[in-house]
Amino acid sequence: MKRIPLVILSACVLLLLAGAALYAHARSGVNQVALASQRKGVTVIKAEKATFRAVHRYVGTVVPWLSARVGPQLTAAYVDTLLVRPGAVVKRGTVLATLDCRNASSAATALRNQARAVARTQSAVASEAARMSGLVEGGFVSPDELEQKKAESESKDAQRLALEAQAAGSSLQVQDCILKAPFDGEVMERFVDPGAFIRPGMPVVTVVDRHLVRIAADVPEDDFEAVKPGTDVDIHLLATGKNLKAKIARRAPGAVPETRTVHFEIDLSNDERDLPVGTTAELRLEAGDSLDAVKVPLTAATLRGEKASLFVAENGVARAKTVAVLGEREGSLYLRPQLPAGALVVTEGRSALNDGDRIEAKE
């Protein structure tokens with residue numbers, strides 16, 4: 001019985017010792033140094049000396065040198081025959097389609113016949129007036145009768161001319177029923193099939209000439225000087241994947257009032273007819289003079305307008321810098337040489353930095 005207090009006392013002492021050991025172990029893992037006084041690990045890269053020239057990128061459209069939507073201009077009729085399909089190569093004057101113009105043909109024939117009948121009547125009246133003029137001197141015919149006969153002759157002649165004009169108009173309608181290719185080229189679109197009813201101004205087919213193609217684009221008005229004729233342009237054609245080089249052939253003398261954009265064109269030879277029209281072309285051209293610059297990764301800075309904010313490692317301390325931006329290209333940022341080449345620019349870890357923080361830089 002006397003041993004029970006000793007056992008309890010021994011257990012309490014052991015518990016106290018275990019608690020003290022655990023407390024000491026926990027205290028040993030606590031960092032007693034303030035975090036603010038520790039160096040922050042960052043990754044840096046050296047700023048490189050470079051030159052920068054502004055690059056402008058635009059989107060243009062490949063258009064044919066000539067393009068025409070062929071259809072009737074005077075006649076409304078049914079399509080009788082349509083002889084071509086997209087892709088057909090045609091020569092100037094090739095018949096593309098014909099319309100059912102029997103009414104116009106009949107009207108033209110009737111007008112020509114009426115004109116011939118009136119012409120014969122006018123000739124007879126003119127001959128009679130000539131005979132009457134010889135009878136006026138002998139008093140056999142009064143001058144008034146002669147004047148009436150001459151007036152009748154002139155009236156018939158005017159009627160003949162009017163009918164001939166109407167017949168010529170009807171002949172134009174008949175000619176309008178035969179649709180021909182206006183130039184050498186290819187058929188790009190076919191809008192109707194035989195049996196369709198079309199009216200003046202409605203297209204039947206589209207013919208394009210691709211021996212030479214144009215790339216047309218519009219740029220903002222402040223790029224007027226950048227797209228002057230003779231400027232070299234790098235071209236990427238999306239449809240074929242080709243990369244070409246060419247020069248600007250022409251530029252509009254002013255901007256479009258509604259959009260304030262300037263139109264320019266580039267000519268490309270296409271003798272093989274391998275460049276499709278109506279497709280997209282990406283244009284790249286350099287503008288302005290080459291400028292001295294310092295190049296850093298785009299991820300090393302925060303852009304605000306034309307300024308870039310970044311951190312530079314100087315003697316183990318992070319220094320905040322604000323530098324003017326010249327431009328960016330292919331993941332790199334080009335800055336004015338206010339920042340010296342070779343400066344250690346922070347790329348990773350800069351989001352946790354403040355100006356003056358102590359850092360441990362890894363290049």
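Because the structure is a prediction, the values reported are computed rather than measured.
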| query | With a cut-off of 6.0 Å (strictly less than), are more than 12 heavy atoms of other residues, nucleotides or ligands near CZ of R92? | reply | no
| field | Transitive ILVMFWY side-chain link V277 to L238, under 4.5 Å | value | no
| note | Rounded to the nearest 0.5 Å, the CE atom of M188 sits from the CG atom of D209 at a distance of 12.5 Å
| message | Using every non-hydrogen atom in the two residues, find where P229 and A249 come nearest and quote the distance to one decimal. | response | CB-O, 4.1 Å
| query | Taking atom OG1 of T299 and atom CD of E348, what is their separation to the nearest 0.5 Å? | reply | 7.5 Å
| task | With rounding to the nearest 0.5 Å, note down the distance linking CG in L283 to OG1 in T231. | result | 12.0 Å
| said: Taking atom CZ as the centre, does R190 end up with more than 12 heavy-atom neighbours from other residues, nucleotides or ligands that are less than 6.0 angstrom away? | reply: yes
| said: Under 4.5 Å between side-chain heavy atoms, counting indirect links through other Ile/Leu/Val/Met/Phe/Trp/Tyr residues: same cluster for L74 and L179 or not? | reply: no
| Side-chain donor/acceptor of T347 to backbone N/O of T43, under 3.5 Å | yes
| said: Can you confirm whether the side chains of S309 and T302 place a donor and an acceptor under 3.5 Å from each other? | reply: no
| said: Using the rule given for side-chain contact (heavy atoms from CB on, under 4.5 Å), can you reason through D274 versus T240, listing the C-alpha separation, both sets of side-chain angles and the distance that settles it, and then say yes or no? | reply: CA-CA 9 Å; D274 57 347; T240 62; over 6 Å; no
| Atom of F311, atom of N354 and distance for their closest heavy-atom approach | CE2-C, 3.9 Å
| query | Is it true that a side-chain atom of R57 and a backbone atom of E282 form a donor plus acceptor pair closer than 3.5 Å? | reply | no
| query | Between the main-chain N or O of A324 and the side-chain N or O of Q338, is there a donor-acceptor pair closer than 3.5 Å? | reply | yes
| said: What verdict does the salt bridge (charged side-chain N to carboxylate O under 4.0 Å, His left out) test give for K49 and D292, after you've listed the backbone C-alpha separation in whole Å, the side-chain angles of each residue and the deciding distance to 0.1 Å? | reply: CA-CA 8 Å; K49 184 178 181 181; D292 293 333; over 6 Å; no
| Would you find more than 12 non-hydrogen atoms of other residues, nucleotides or ligands less than 6.0 Å from F197 atom CZ? | yes
| query | Are any of the side-chain nitrogens in K245 or D234 under 4.0 Å away from the carboxylate oxygens of its partner? | reply | yes
| said: Classify the ring geometry of F52 against Y334: parallel below 30°, tilted from 30° to 60°, perpendicular beyond 60°. | reply: tilted
| message | Given 3.5 Å as the limit, does a donor-acceptor pair link the side chain of D193 with the main chain of G195, or not? | response | no
| query | Any chain of hydrophobic side-chain contacts (each under 4.5 Å) joining I215 to F264? | reply | yes
| Which heavy atom of L333 sits nearest a heavy atom of E328, and at what distance? | CD1-CB, 4.0 Å
| said: Taking side chain to side chain contact (heavy atoms under 4.5 Å, CB included) as the criterion, tell me which of L326, L310, V345 meets it with L335. | reply: L310
| field | Candidate pair R319 and D355, rule side-chain contact (heavy atoms from CB on, under 4.5 Å), full reasoning | value | CA-CA 5 Å; R319 297 298 182 188; D355 189 28; 3.9 Å; yes
| For the residue pair T75 and P72, what are the closest heavy atoms and their distance? | O-CB, 3.5 Å
| query | Side chains of L96 and V207: does their closest heavy-atom pair fall under 4.5 Å? | reply | yes
| field | Same cluster (ILVMFWY, side-chain, under 4.5 Å), L244 and V233 | value | yes
| I198 side chain reached by V204 side chain, heavy atoms, under 4.5 Å | yes
| remark: The reported gap from CG in D223 to OH in Y58 (rounded to nearest 0.5 angstrom) is 3.5 Å
| note | Nearest heavy-atom approach of A281 to L237 is CB-CD2, 3.8 Å
| request: May I ask you to decide if I248's main-chain N or O and R250's side chain share a donor-acceptor pair within less than 3.5 Å? | output: no
| note | Here the gap from R214 atom CZ to S67 atom OG, rounded to the nearest 0.5 Å, amounts to 9.0 Å
| said: Check whether T279 reaches the backbone of P276 with its side chain - one donor and one acceptor, N or O, closer than 3.5 Å. | reply: yes
| request: Give a yes or no on whether the backbone of R273 and the side-chain of R210 come within a donor-acceptor separation of less than 3.5 Å. | output: yes
| NZ of K242 to CD1 of I235: how many Å apart, nearest 0.5 Å? | 12.0 Å
| message | If hydrophobic clusters are built by linking Ile, Leu, Val, Met, Phe, Trp and Tyr wherever their side-chain heavy atoms come under 4.5 Å apart, do L83 and V205 end up in the same one? | response | no
| task | Taking Q73 for its side chain and G71 for its backbone only, find out whether a donor-acceptor pair lies under 3.5 Å. | result | yes
| query | Take atom CD in E272; do more than 12 heavy atoms of anything else shown fall under 6.0 Å from it? | reply | no
| query | Between D80 (side chain) and T98 (backbone), is there a donor-acceptor pair under 3.5 Å? | reply | no
| message | Could you check whether any side-chain heavy atom of H236 comes within less than 4.5 Å of a side-chain heavy atom of R284, counting everything from C-beta outward? | response | no
| request: Could you tell me which non-hydrogen atom of V70 sits nearest to which non-hydrogen atom of K180, and how far apart they are? | output: CG1-O, 3.9 Å
| task | Would you confirm whether N270, through its side chain, and L275, through its main-chain N or O, come within 3.5 Å as a donor-acceptor pair? | result | yes
